[in-house]
Amino acid sequence: MMATGMVSHGRDLSPLPPAATSKRKRPWWLSGTPVVTAVVVAAVFVVWPMLASGYWVQASTSAAAFAMAALGVSVLVGRVGLISLGQVALVATGAWIALRLGYGTGLPFPVIVFLAGVGTGVVGLVIGLPSLWLSGLTFAVLTLMGAAAITLVLTVISFPNGGGGLTGFASTGDSAPMLERPMYADSDADYFRLALVIAVLMFALVLIHLNSRAGRAWEAIRQSPAAAIGTGIDVVRYKLWAILLASFIAGVAGAVMAGAGGIRVTLFPVQDSIIIVAAVLMAGAFSLWGAIVAAVLMKFLGAAFTLLDVSSSLLLILFGAGIIQVLLQSPQGIVGQLQGVVARRRRRDRTADTGQAEGEQDA
Amino acid sequence: MLSVRGLTVRYGAVVSLNDVSFEFPTATTCGLIGPNGAGKTTFLNTVSGFSKPAAGAITAFGEELGPMSGYQRARWGLRRTFQTEQTIHKLTVYDNVAMVHEHSRSRRANRRAAVRDALDFVGLGGMGDTAVGELDAGNRRMVEIARAVVGEPQLILMDEPAAGLPDNETARLSEIIRAIPERTGALTVLVDHDMDLVTSCCSITAVLDFGSLLAIGATAEVLADTRVAKAYLGEEIDEEEEQTS
């Protein structure tokens, strides 16, 4: 109280109610209204598999998986400021672990998905360890090399298809093995619904992180290491935690893919690890919506091109052009451009409400 | 109290601090002044753990800071404000202050009250929900000071907090800085070129020049020292003397 009186000759802040601090505002990263989000997700869950053909339902399942992978990229790039070019290779790792466990054990599907996430998290952590010493481009290149190494190993050992030994590969087995789906999600439509539920869980996991100590620490690290250290943040630990989280989600995405259809190494080309980062940057790395848009762009456009018999290289060209547009005009990406329109309108409303108070402050 | 002994900092061939030893004995606000390039910011960087000294020891309130890394010093109770303020622009005013508290040794149960208290202290009581990026420079500076006083700080280092502020905001800043020792019990080291600010806030002032300690003592006496005036004004004082003689 004493202090408030003392500083009163700066700006007069009295028009603002002092009680405002006790009521926390909706955090900035929850940019879409939660209710609208819930309705849209529920509609997609119920209606989409009934309307869409089998082809598009399968494309939707891989879009759900890629939305998770893109979510991990979005956390690293948009929140922590780490460019990792190994995400799709980590998805492949998750698929491998899920298949190995699926063929080798009788574990229930959710447990396999979880363990694939944990195992991939460990692999991602090992690749990401250099982030303690390296940064920027060097780190990005190193993760790309990690992705290439994973792809090479997977090419040699192949995906498990019911064989014995550590690799679980039998040359007589299926060349494109698939994780056995749980009974409650045996059809393509139900499996898509399951994938959607898992994706929602992963988005919730990330949202919880962003709203907690970790999210605030990441934001400080992204803005400036000096600010983070000055705040008392252990930069190393929080960077590794972000890498672990992103890799865990990639592993879960891989397990979901393993149940979606036959898995082979060619499904995970090294270049996809780069394309997914491009897609996330283009769609918007600073909003979680960007991960969804990125996955839809990658998988739906890809599926549409396949249907229309257009070369998939066109996708690469479009992404290249898109990323140039984003870098030149709007670092916030497609989602950011859409949100800009909404935010401007909201700010106008708010200014109209508090116009008098702001007028006094300006005086 | 803060004490440095034989502190030497080199950047390649450049010696930024050369065998500096002195002590700020009491937990009040102490000034650190000197011409540009004297080593003031290097001193703050070294005490806060951003730069590693080539030699020397830093002790604060009986604890060696040397072995602690930067973030550990922050958790111990070292706070820092920067020439260019380093608030987290995307987070709210409340979160900016609360995150310092959550990485300090203070108890979680008191966080809300402590943060609100710190915001009231700098006059941002009603603005907890505003994103810091939407504030003007003066209020972002106040957020940084709220971050410095929250969560039981022991040592607060301020690097030119008045830089770029208009006069009326500097007056407000001065009152807040003067209230810090009583409020927190922390020792504040204030680096600034604004001599009015240093005079009004600091009982003790140390002067650095070319990386060495030039003088330390009661602020008024130090500022009256002709060596200090000469260091600050450099050649100009010589010219003046020549003209008057």
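Reckoned from all heavy atoms, side chains included, excluding hydrogens, waters and symmetry mates. Chain letters run A, B, ... following the sequence lines, proteins first, then strands; residues in each count from 1. Owing to the predicted nature of the structure, the values given are computational and were not obtained by experimental measurement.
- The residue among B:Leu78, B:Thr87, B:Thr81 with the most heavy atom pairs within less than 4.5 Å of chain A is B:Thr87.
- Comparing B:Glu144, B:His89, B:Arg79, B:His101 by heavy-atom pairs within less than 4.5 Å of chain A, the highest count is held by B:His89.
- Residues B:Met99 and A:Glu219 are not in side-chain contact: their nearest non-hydrogen atoms beyond the backbone lie 4.5 Å or more apart.
- Annotation: maximal heavy-atom pairing with chain B below 4.5 Å, among A:Gly230, A:Ala228, A:Ala226, occurs at A:Ala226.
- Formation of a donor-acceptor pair under 3.5 Å by the A:Arg216 side chain with backbone atoms of B:Asp95 is not found in this model.
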Between A:Val235 and B:Tyr71, is a side-chain contact (heavy atoms from CB on, under 4.5 Å) present by the stated rule, with each step listed?
-> CA-CA 8 Å; A:Val235 174; B:Tyr71 82 90; over 6 Å; no
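- Around the CZ atom of B:Arg111, the shell of radius 6.0 Å holds more than 12 heavy atoms that belong to other residues, nucleotides or ligands.
- Around CZ of B:Arg107, the count of heavy atoms belonging to other residues, nucleotides or ligands within 6.0 Å does not exceed 12.
- Contact between A:Ala227 and B:Arg147 at its shortest, heavy atoms only, is O-NH2, 3.8 Å.
- Residue B:Ile88 comes nearest to A:Gln223 through the heavy atom pair CA-OE1, 3.1 Å, listed as atom of the first residue, atom of the second, then distance.
- Taking the side chain as every heavy atom from C-beta outward, A:Asp234 and B:Arg75 approach each other to under 4.5 Å.
- For the pair A:Thr231 and B:His103, the tightest heavy-atom approach, listed with the atom from each and the gap, is O-CB, 3.4 Å.
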